[in-house]
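Below is one structure, written out as C-alpha cells, with a few remarks after it.
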Amino acid sequence: MAFWKPGGAKPKQTLPLSAEVDRGAIGDGGRLVVFNRNENLALAAQRERLPIFKCRDAILYLVETRATTVLVGQTGCGKTTQVPQYLVESGWTANGRLVACTQPRRVAAQTIAARVAEEMGVTLGEEVGYAVRFENVSTPGVTRIRFCTDGVLLRELMNDPLLSRYSVVMVDEAHERSLATDLLLGLLKKVQRVRPDLRVIIASATIQAEDFKKFFDQRRIAPKSVATGGVGGGENVADEPSREPGVISVEGRAHSVLIHYLEQPTPDYVQAAVEAALEIHRSEGPGDVLVFLTGEEEIESAVKLLNEEATGHDARKMLGDVGGGNGAGGPIRFTAHPLYAGLSPGVQLEAFRPAPRYTRKIVVASNVAETSVTIEGVVYVVDCCFVKQKAYHPERGMESLLTAEASQASANQRAGRAGRVRPGKCFRLCTEKAFSTMPEMSPPEMIRSDLASTVLQLKALGIDNIMNFEWLSPPPAANMIKALELLYALQALDDDAKLTKPLGMHLAELPLEPQLGKALLVSGELRCVEEMLTVAAYLQVNSVWVSSRGRQKLLDEVKERFAVAEGDAVTALNIHAAYCKAGGVHGGGRARAFAEKNMLSHRALVRAADIRAQLSRHVQRIGLVSSSSGRDSAPLRRAMTAGYFANAATLAPHGGGAEGAAFRSVRGGATLFIHPGSVLFRARPTCVVFAQAVRTKREYMRDVTAIDPEWLPELAPHFYASRQKSGFERPADAGMML
DNA sequence: GAGCACTGC
C-alpha cells in the first residue's frame, strides 16, 4: 500500500499512576454494604477483572482525603460503572446521602444505571436510579446512586444550591467540555467553598486532566466560614479533605490501533475515504469498517459511490467463490450503510445490524459514531479529520455551522473505535505533518455559544457578577455582553443587571431559551397560552419531518397539507391539531400511521407532546391562566414577536431570485434568506421574526413567522422606540430601520 | 434548495 504511510505514534497514551497516590492506605470508610451475595457471582467476578479494580483502594483513598479527585480513565476501564459502587461499599451513602454521577447524554445515564443495578442485584429505580428530562426513575429515601444528565443536576442546583443531598458528585466525560459540564464544574467549585465535605470526582481523558486539577486547586483560597451543620456529612473539622486535587490514572482495556497517514494531502476527502474503504476491503483481514465524514451530504454521496462499486464488484465476481476471502482472509463482499442523527430509527438500525456471513460492513458515519453510539465489530477506521463545528458570532447574534479541522483528541477518539474488539487500524486522510499541526482539542462549547440561557441561570443562582465567575474557560467578553444585552431587552434583567421579579425569575425557571420563554409568558396577556405551548414545544424538537433524501418532492407536497402563509409557528399548530385528531400520544397505531402517511417523525411528535406537557405544568405553576386564540393566528404571532423582536427582518426591495427572497435584518442590516426547510421558503412576507439565524452556505433564518411591522414598536417599545437608559450597547439603527 | 453532536425534574 504505497498510498499509506504508517504513523509513528499510537493513539493511546497512558499516564503513569500519579506519585501522589498512596496505594496502601485506605481511610476509615465506614460501614461496608454487601450486595448480591448469592446471585450474580459471575457479575461479581467480572467486576474484579476490570482494570479499575486494581485501583479501587487508591481511588477511595483519594476521595477520602481530597476534596476533588481527577480520575483519568481510559475507555473500557470501568470507571463509570464501578466507582459509584465503590463509594456505596465504603460508606459514602450512609445517613441517607446520595452519590450522583452525571453524563452528557440521556441514553448513557439510562443504560449505565441499568447496568449498575444489575451488577448490584437490585431493581432499577430503587438503590440505583437515574434522572433525565421527562424521566425520574428513583425512589426517595431508597436510591443511593443517581445517574443523571448534567443538565438535570444543573436544574437541581436551582432548587438546592448546595446539593445538600449528595456526598459525592462524579462528573463523567468532563473532557468533552460540553456547555452544561463546564457550567456544572464552575458551580461545583463554588459549592465546595461552602461545603468542604462535598467530594467531587472528575472523570476525564488524559489531555484535560491537568486543566481540571489546576481549576479545582483551592489551596490558596480560604473556605467561606459557613457552618456546615445539617448540610451533608462534615462530621468534624479534622475530617476536612485537602483542597489540592488528587489525580489518578487507570489504564483501559482497548486494544492498540495502528495509525496510517496519507503521504500526500488529498484534494477530495470524500473520494479518498471511499478509496480507502475499498482498499481496506481488498487487502485487509476480517472486520468492519467505520468511515468518519462530516455530514449528511458527504455521507450519502460516499455511500452511493460504495454501493455502485459493490454492485459492479458482485456482478464481476458472480458469487463463484463466496467464502473464499479476499486473499488476506477477509470477506469478498461488502455492504455500505449511512449513519447520522437525522436518519429515521429504522434506517439507522441497518448500520448496527451485524453483517451477514462472508460480508464486510462499511458504515459511513457522522460524529454520532465518535461518542454517542458504538458499532460492534469495527476493526478499521477511516477518518477524514474534519468536523462540522458550531461557532457563535455575537456581533450578528448568529451561529454558524462550518466544516473545520478536527482536533487531535477527536481524531484519537475516532481511532479508538477500531480497537474495541481486537487490535485495529486507523487510516487518517491527512499527512502526518498536517496532523501534528491540528489543534490538540476543540475549543470548549462555552466559548463558542450563545450565552443568554447560561447567564440567566447564573443570575437565578444568585451569581450576579458574571464577569467574576470562575469559568473553566472564560467566554469572550463580546458573547457575555451580547447575552446581557438580550436579557435586558427581554426585561429579564433590570438597569443594575439584576434578575427582575417575577419575569426574569420565571424565564430562568422555564427550560426554554429566554426569547421563547418570553413569548410563552406573554401569551397569557395575549390570550393564546395553548397555542404558544404547542409552538414552544415544536420549536424544541429538531425537525418533525423525516429526513428524506430522494423523496424531496413528496415531502414538499406533504408539507403543503399543513403549511400556511403565516409561517412555521402556525404550521406547527396545524400539525399538532392533526396529530391530536389522529389520537395523539395515546393514539397508538393510528397516530403512527398518521405520522407515516405525512412523512412526520413519530418520535419527534411524541417528544414535542412530552415537552408541551412539561411546559404546561411550568406555566400553571407560574400562574398563567389557560387561554386559546382559536382560529385567529394574530395573537400567537404577536406573542412570537414579543419574544423574538430582536430577530426581525424585512423583505429587501430587489433582493433575491431563484435562491429565494432576500431580507434585511432590522438590527444590523445583514442580508438574510429564509431557510429552505421553512414553509415560507418560496414566500415573500414583508416582515418576519425568526427563532434562529444560521450561517452555512449562506445566512439563513429558520422557524420564520410573518408579522405586521407595526407590532415591533408596540410589543417591544423599550427596544424599538425608547432611549436606552442603561449602559448596554444597542445598535443605533435599531429603531430607525422601520 | 438544506440540518455535526448533545441537553433542560
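Quantities reported herein were computed from a predicted structural model and do not represent experimental measurements. In what follows, every chain begins at residue 1, and chains take the letters A, B, ... in the order their sequences are listed.
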Next item on the list: Take atom OH of A:Y392 and atom P of B:dA5, then tell me their distance rounded to the nearest Å.
Entry: 22 Å
Notebook entry, point to check: Less than 6.0 Å separating the ring centroids of A:H576 and A:Y538?
Noted result: yes
Checklist line | Touch class at under 4.0 angstrom, heavy-atom based, for A:E156 against every strand present | finding: base
Next item on the list: Mind checking A:A341 for me? I need base, sugar-phosphate or nothing, with any heavy atom below 4.0 Å counting as a touch.
Entry: sugar-phosphate
Note to self: What I'd like to find out is whether the side chain of A:E445 reaches to under 4.5 Å of the side chain of A:D182, using heavy atoms alone.
What the structure shows: no
Margin query: Applying a 4.0 Å non-hydrogen cut-off, can you work out what A:R106 is touching in the nucleic acid: base, sugar-phosphate, or nothing?
Written below: sugar-phosphate
Check: How many Å lie between CZ on A:R133 and P on B:dC6, as a whole number?
Finding: 15 Å
Margin query: OP1 or OP2 of B:dA5 versus the side-chain N and O atoms of A:T371: is any pair under 4.0 Å?
Written below: no
Note to self: What's A:S366 touching, base or sugar-phosphate or nothing? Going by heavy atoms closer than 4.0 Å.
What the structure shows: sugar-phosphate
Next item on the list: Using a heavy-atom cut-off of under 4.0 Å over every strand shown, decide if A:V387 touches base, sugar-phosphate, or nothing.
Entry: nothing
Next item on the list: Take atom CD of A:E296 and atom C1' of B:dC4, then tell me their distance rounded to the nearest Å.
Entry: 11 Å
Notebook entry, point to check: Are OP1 or OP2 of B:dT7 and a side-chain N or O of A:T149 less than 4.0 angstrom apart?
Noted result: no
Next item on the list: Output every pair passing side-chain hydrogen bond (donor to acceptor under 3.5 Å, both in side chains) with a member in residues 604-616 of chain A, not counting sequence neighbours, ordered by first then second residue.
Entry: A:R133-A:Q614, A:E530-A:R612, A:T534-A:R612
Margin query: So, does A:R698 get its side chain near the phosphate of B:dA2, meaning an N or O under 4.0 Å from OP1 or OP2?
Written below: no
Margin query: Heavy-atom nearest nucleotide on DNA chain B for A:E445 versus A:V152: which residue maps closer to 5'?
Written below: A:E445
Next item on the list: Determine: side-chain N/O of A:T696 to OP1/OP2 of B:dG3, distance under 4.0 Å, yes or no.
Entry: yes
Checklist line | Earlier contact from the 5' end, DNA chain B, for A:E509 and A:Q389 | finding: A:Q389
Item checked: Distance, rounded to the nearest Å, where A:D383 contributes CG and B:dC4 contributes P -> 17 Å
Next item on the list: Pick base, sugar-phosphate or nothing for A:Q540, based on heavy-atom distances below 4.0 Å to the nucleic acid.
Entry: base
Next item on the list: Using only side-chain N and O atoms of A:Y700, determine if any of them is under 4.0 Å from OP1 or OP2 of B:dA2.
Entry: yes
Next item on the list: Give every residue pair that meets the side-chain hydrogen bond (donor to acceptor under 3.5 Å, both in side chains) criterion with at least one member in residues 448-463 of chain A, sequence neighbours excluded.
Entry: none
Checklist line | Any donor-acceptor N or O pair under 3.5 Å, side chains A:T671, A:R664 | finding: yes
Item checked: Nearest-angstrom distance from the residue atom CG of A:L184 to P of B:dT7 -> 15 Å
Next item on the list: Quickly work out the A:E370 CD to B:dC6 P distance and round it to whole Å.
Entry: 12 Å
Notebook entry, point to check: A:E399 CD to B:dG3 P: how many Å, rounded?
Noted result: 13 Å
Margin query: In this structure, how many angstroms lie between the C1' atom of B:dG8 and the CG atom of A:L187, rounded?
Written below: 14 Å
Next item on the list: For A:R621, answer base if it contacts any base atom (sugar-phosphate contacts may also be present), sugar-phosphate if it contacts only those atoms, and nothing otherwise; contact means non-hydrogen atoms under 4.0 Å.
Entry: nothing
